[in-house]
Amino acid sequence: MDATVTLKDVAARAGVSVGTASRVLSGHSATSPAARERVRAAATELGYRVNARAQALRSARSHAVGLLVSDVRNPFFADIAHGAEQTALASSYVTLLANANEDTAQQDTYLDVFLTQRVDGIIIAPQGEGRGNLRALEEARVPLVFVDRVVDGFDVPSVTADNAQGVELAVAHLAEQGHTRIGYIGGPPSVSTGRARLSAFLEAVARHHLDDDPALITAGDFRRASGGTAAAKLLAHHRPPTALLAADSLMAVGALAEVRQRGLRIGEDLALVAFDDIEWFGELDPPLTVVAHDARALGATAMRLLLDVIDGGTAESVVLPMRLIPRRSSAARPHTAASHPSV
């Protein structure tokens, strides 16, 4: 064995990442057959041998778990992370936090890092349709729990909120206020919460006999700017909605900014309801009506499920309830809202 040959050299010769080379040579199954063949051939050609002592040390539990959230800038996911972290610490585990940034490629990068670090399990708010490293994790039977979102076709325990209940509460509340034209700012259809909340909204509109004009439906990307763009499109309509429902907190903030820029007053000229109760939403003027669910409980419950799986148990998926917190942002009546032209 040439002592100067490193794992990095093997990875470069095989044309794979260092993490993939490490997993192949340590016997980890979360690799493709083609990668295994290239890495083993490169190791043979270069005379590289695995350090058996180091490998034995790595085979023990790390007492570290990975947590991959969708967007660290979103306070909702910060609360999920806090709940998960505190639950992990209570069981003597540390949490490695990573940010997918609502991007599947970045998700794959961090999942690869988690595998290289040999975490004992992973909690993830997944992006996309489950290709890449996410599928490799499932096939390798790495302990895995989904939080807030799910991916179709994966047999993975999850902790989610009751989206149908939350949307029904919001729509029923606005209908009781007399609104029939509710503008909906939804999430991307590539994400399970985006699809579930849109489906629930359409069902609630039909159930309450509200206006089902397709022009009242918009989609953002769970970020602030897209909420503003969606609100601008809705309010520019020749028959603008008298109320807005934003499917997450950041898009609600973007919508709020757009409404104010147009000289309209939330709670007087236009009603606004948002998903997720960010701590300072109650301090706005007017305070924001929200569909709330306990983000810290989502994170804590997901961590408890993951630790059960790590210990060899089986975990059942959990759906947590939502509740409506009515505040002055939804006090606007439709006859006042309709009297203000779009600009």
Side-chain angles (χ1 to χ4, degrees), residues 75-76 161-187 193 197-198 200-213 215-218 220 222 224 227-228 230-235 237 239-295 321-340 342:
F76 172 75
D162 192 336
N163 291 295
Q165 177 193 41
V167 171
E168 168 60 23
L169 289 170
V171 172
H173 171 67
L174 291 171
E176 288 169 2
Q177 297 290 97
H179 297 279
T180 59
R181 286 183 63 81
I182 302 173
Y184 181 67
I185 303 174
T193 46
R197 291 176 186 176
L198 174 58
F201 178 76
L202 295 174
E203 291 174 6
V205 164
R207 186 161 48 248
H208 292 278
H209 308 290
L210 307 180
D211 195 333
D212 62 357
D213 183 354
L216 294 173
I217 306 294
T218 59
F222 289 140
R224 175 175 175 165
K233 180 179 179 181
L234 290 166
L235 295 174
H237 193 274
R239 290 182 60 219
T242 61
L244 299 178
L245 172 58
D248 95 318
S249 58
L250 293 186
M251 293 192 302
V253 172
L256 178 61
E258 176 64 26
V259 169
R260 286 178 171 171
Q261 184 175 335
R262 289 169 173 264
L264 300 177
R265 297 163 297 180
I266 291 294
E268 296 182 36
D269 302 323
L270 186 74
L272 175 62
V273 177
F275 267 76
D276 308 334
D277 188 24
I278 304 306
E279 185 176 3
W280 46 268
F281 274 2
E283 306 303 320
L284 294 175
D285 184 18
L288 196 60
T289 296
V290 295
V291 177
H293 50 301
D294 191 337
M322 289 191 170
R323 69 187 191 280
L324 181 78
I325 303 177
R327 298 178 179 130
R328 287 194 291 114
S329 73
S330 59
R333 294 288 178 173
H335 66 274
T336 60
S339 66
H340 287 262
S342 58

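What you see is a predicted model, and the numbers here were worked out from it, not measured in a lab.
- Side-chain contact between Pro334 and Arg181 is absent, with no heavy atoms from C-beta onward closer than 4.5 Å.
- One distance of note links CZ of Arg333 with CG of Leu270; it measures 14.5 Å at 0.5 Å rounding.
- The closest donor-acceptor contact from the side chain of His179 to the backbone of Ala332 lies under 3.5 Å.
- Taking CD1 of Ile266 as the reference point, atom CG of Asp285 lies at 11.5 Å (rounded to 0.5 Å).
- Legend: residues meeting ring pair (Phe, Tyr, Trp, His ring centres under 6.0 Å) with Phe76, ordered by chain and number and at least two apart, are His293.
- Contact annotation: the side chain of Thr193 approaches that of Asn163 to within less than 4.5 Å [non-hydrogen atoms, C-beta and beyond].
- The minimum heavy-atom distance between Leu245 and Ala170, with the atom names listed, is CD1-CB, 3.8 Å.
- The main-chain N or O of Ala232 is never found under 3.5 Å from a side-chain atom of Glu258 such that the two would form a donor-acceptor pair.
- Taking 4.0 Å as the cut-off between side-chain N and carboxylate O, Asp213 and Arg239 do not count as a salt-bridged pair.
- Here the closest non-hydrogen pair linking Val253 and Trp280 is CG2-CH2, 3.7 Å.
- Here the CD1 atom belonging to Ile278 is positioned 13.0 Å from the CD atom belonging to Glu283, to the nearest 0.5 angstrom.
- The side-chain hydrogen bond (donor to acceptor under 3.5 Å, both in side chains) search around His173 returns Ser330, not counting sequence neighbours.
- Taken to the nearest 0.5 Å, the CG atom of Leu202 stands 5.0 Å off from the CD1 atom of Ile217.
- In this structure, Arg197 forms a cation-pi arrangement with Phe275, its terminal cationic atom sitting closer than 6.0 Å to the ring centre and no more than 45° off the ring axis.
- Heavy-atom minimum distance, Ser329 versus Leu272: OG-O, 2.6 Å.
- Put simply, the side chain of Leu288 does not reach to within 4.5 Å of the side chain of Leu256, judged on heavy atoms.
- Note that CG of Leu174 and CG of Leu210 are 9.0 Å apart. Values are rounded to the nearest 0.5 Å.
- In plain terms, the two heavy atoms of Met322 and Ala161 that are nearest each other are CE-CB, 3.4 Å.
- The shortest distance between side-chain heavy atoms of Phe201 and Val171 falls below 4.5 Å.
- Heavy-atom minimum distance, Pro321 versus Asp162: CA-CB, 4.4 Å.
- Considering Thr218, Leu216, Val273, Val259 in turn, Val259 is the only one that fulfils the side chain to side chain contact (heavy atoms under 4.5 Å, CB included) rule with Leu244.
- Remark: Arg327 CZ is packed, more than 12 non-hydrogen atoms of other residues, nucleotides or ligands lying under 6.0 Å away.
- Side-chain contact between Thr289 and Leu324: present, with at least one pair of heavy atoms (C-beta onward) separated by less than 4.5 Å.
- For the residue pair Ile325 and Ala292, the shortest heavy atom distance occurs at CD1-CB, 3.8 Å.
- A donor atom on one side chain and an acceptor atom on the other are found under 3.5 Å apart for His208 and Glu168.
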